[in-house]
Number of protein chains: 2
Amino acid sequence: MKSTKIMKKKKPSRPMGRPRAFDADRALDRALHIFWRKGYEGATLSDLTKAMGINRPSLYAAFGDKETLFRKALDRYSEGPASYPFEALKEAIARTAIEKLLRRAAEVQTNPSTPGCLTVHGALACGDTSTAIRKELILRRERGEAAIFQRLKRAQSEGDLPPRSNPNDLARYFTTVIHGMAVQAASGASRSELERVIQTALRVWPK
Amino acid sequence: MKSTKIMKKKKPSRPMGRPRAFDADRALDRALHIFWRKGYEGATLSDLTKAMGINRPSLYAAFGDKETLFRKALDRYSEGPASYPFEALKEAIARTAIEKLLRRAAEVQTNPSTPGCLTVHGALACGDTSTAIRKELILRRERGEAAIFQRLKRAQSEGDLPPRSNPNDLARYFTTVIHGMAVQAASGASRSELERVIQTALRVWPK
DNA sequence: CTAGTTGTGTACCGGTCAGTAAAGATGTGG
DNA sequence: CCACATCTTTACTGACCGGTACACAACTAG
């Protein structure tokens with residue numbers, strides 16, 4: 001009977017001390033959604049604790065201060081709702097990959113509960129307290145553009161993109177369109193409206 | 001001697017009471033620049049009064065509360081640094097007009113002292129207190145898109161744009177590109193980088 | 001049982017926010 | 001000189017910000 005406890009060598013039973021009364025993963029998801037809707041500075045600790053269903057000291061014990069919590073939410077964002085770029089770019093044909101990327105972006109950005117893009121949302125506006133956060137978000141956006149660039153360069157080497165086209169310029173262009181779409185979405189643009197933008201934007205594709 | 005007073009029927013001499021010790025126009029310009037850099041919520045009254053060189057009660061007496069001041073700064077923005085769209089769209093050839101519009105946007109957005117676009121900057125992120133401001137900014141952005149649309153429709157009626165092209169979609173597309181450029185600029189993109197985006201973006205122009 | 005460890009809830013901290021009251025300063029009109 | 005109107009200055013208000021001290025609850029270890 002007690003053998004089960006003996007068999008498990010590491011952390012056999014429970015951690016000791018009073019057990020946590022909430023699901024940390026769930027709470028982090030709630031926090032992500034608040035940050036998504038309100039941005040880093042716009043989300044107050046009261047907003048966060050209320051949405052997460054926990055008290056302030058529990059938040060600090062489990063996630064650290066507001067900035068640390070935001071970075072953890074960002075990681076969750078990248079691995080969850082914002083993981084679509086890397087998936088889309090796996091498409092065999094470059095043009096299909098980019099179109100898929102844009103359409104998934106439109107889909108995510110027009111989700112009624114989380115309009116816009118967290119990375120764009122947080123980076124603009126707001127005071128001086130969040131300079132570090134702004135830099136972090138700029139970095140993440142650059143990472144997205146780099147992924148597009150790598151995909152286009154690969155396409156060029158595979159003959160999937162004309163040699164005279166410029167992957168660098170194209171990557172920056174599509175990144176710009178995605179960010180513009182995020183602004184449109186935050187302004188209330190519908191998914192179908194963004195789809196039409198995408199159809200127009202894709203007309204630059206080199207032949 | 002006193003005839004001068006009688007001749008001038010309206011507000012002949014000076015207003016009465018202690019004269020204002022600052023130039024209201026200058027002060028409003030300073031306020032505009034603060035809002036431009038920090039957004040509506042990011043700009044604190046201390047930031048504003050410091051930049052304007054006046055005390056808080058003077059600000060309230062001359063411009064009303066923060067929201068009223070912001071709207072006045074917005075008007076000044078539209079008539080000043082953001083008046084270029086209407087000027088650019090006066091170009092005789094539609095394609096030239098749009099290109100000029102985009103290039104002027106890039107120029108303004110990459111001004112080191114006021115990076116990005118006030119209209120985009122203020123609309124995203126931040127808390128619930130500024131819902132009215134957000135709506136106002138969305139309205140102004142829609143006004144910009146409408147101006148582009150009207151110009152393109154005119155071009156179509158003049159044979160300057162193919163009949164089968166869609167002015168509505170094109171207007172929204174170019175608006176999206178401009179907003180995307182604002183995000184790029186806020187992230188530190190240079191003017192020449194935005195110029196390359198523009199060259200790519202213009203390849204959608206219908207032939 | 002007791003001792004030790006960890007999470008929870010309340011109530012608070014200093015700082016900053018937007019906005020204002022009150023008194024003195026500086027002008028006009030008589 | 002006087003009354004009156006307007007602006008400037010200082011100092012304040014109440015609300016909210018992010019962050020935390022502290023007492024207590026809930027668990028493990030022995």
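Worth knowing before you read on, the calculation uses all heavy atoms, side chains too, and leaves out hydrogens, waters and symmetry mates. Throughout, a chain's letter reflects where its sequence line sits, starting with A, and its residues are numbered from 1.
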(message) Please determine whether a side-chain nitrogen of the Lys or Arg among A/R103 and A/E99 lies less than 4.0 Å from a carboxylate oxygen of the Asp or Glu.
(response) yes
(message) Both B/G17 and B/I54 contact DNA chain D. Which one's nearest nucleotide lies toward the 5' end?
(response) B/G17
(request) In whole angstrom, give the distance that lies between atom CD of B/E41 and atom C1' of D/dC16. (result) 13 Å
(request) Tell me which nucleotide among C/dG29, C/dG7, C/dC17 gets nearest to the side chain of A/R18. (result) C/dG7
(request) Could you state the atom-to-atom distance from CG of A/L45 to P of D/dG18 in whole Å? (result) 4 Å
(message) From NZ of B/K50 over to P of C/dT16, roughly how many Å is that when rounded to an integer?
(response) 13 Å
(request) Using whole Å, report how far CE of A/M16 lies from P of C/dG4. (result) 12 Å
(message) The side chain of A/N55 is closest to which nucleotide in this list: C/dG19, C/dT8, C/dA25?
(response) C/dT8
(request) Please report, rounded to the nearest Å, how far the P atom of D/dC7 is from the CZ atom of B/F63. (result) 11 Å
(request) Describe the nucleic acid contact of A/A21 in one word from base, sugar-phosphate, nothing, applying a heavy-atom distance below 4.0 Å. (result) sugar-phosphate
(request) Anything under 30° is parallel, anything over 60° is perpendicular, the rest tilted; go ahead and classify B/F22 against B/F63. (result) tilted
(request) Take atom CZ of B/F70 and atom C1' of C/dC17, then tell me their distance rounded to the nearest Å. (result) 18 Å
(request) Measure the acute angle between the ring planes of B/F35 and B/Y40, then classify it against the limits of 30° and 60° as parallel, tilted or perpendicular. (result) parallel
(message) So if I take every side-chain heavy atom of A/P57 and compare against C/dG19, D/dG19, D/dA21, which nucleotide ends up nearest?
(response) D/dA21
(request) With rounding to the nearest 0.5 Å, note down the distance linking OG1 in B/T200 to CH2 in A/W205. (result) 12.0 Å
(message) Please tell me if A/R56 has a side-chain N or O lying less than 4.0 Å from either OP1 or OP2 of D/dG19.
(response) no
(message) How many whole angstroms separate atom CG of B/L48 from atom P of C/dG19?
(response) 11 Å
(request) Counting heavy atoms from C-beta on, name the nucleotide in D/dT8, D/dC27, D/dT20 closest to the side chain of B/R20. (result) D/dT8
(message) What is the distance, to the nearest angstrom, from the CG atom on A/L59 to the P atom on D/dT20?
(response) 12 Å
(request) Please determine if a side-chain N or O atom of A/S58 lies less than 4.0 Å away from the OP1 or OP2 oxygen of C/dT8. (result) yes
(message) Whether B/D47 and B/R30 form a salt bridge (side-chain N of Lys/Arg under 4.0 Å from carboxylate O of Asp/Glu) is what I want to check.
(response) no
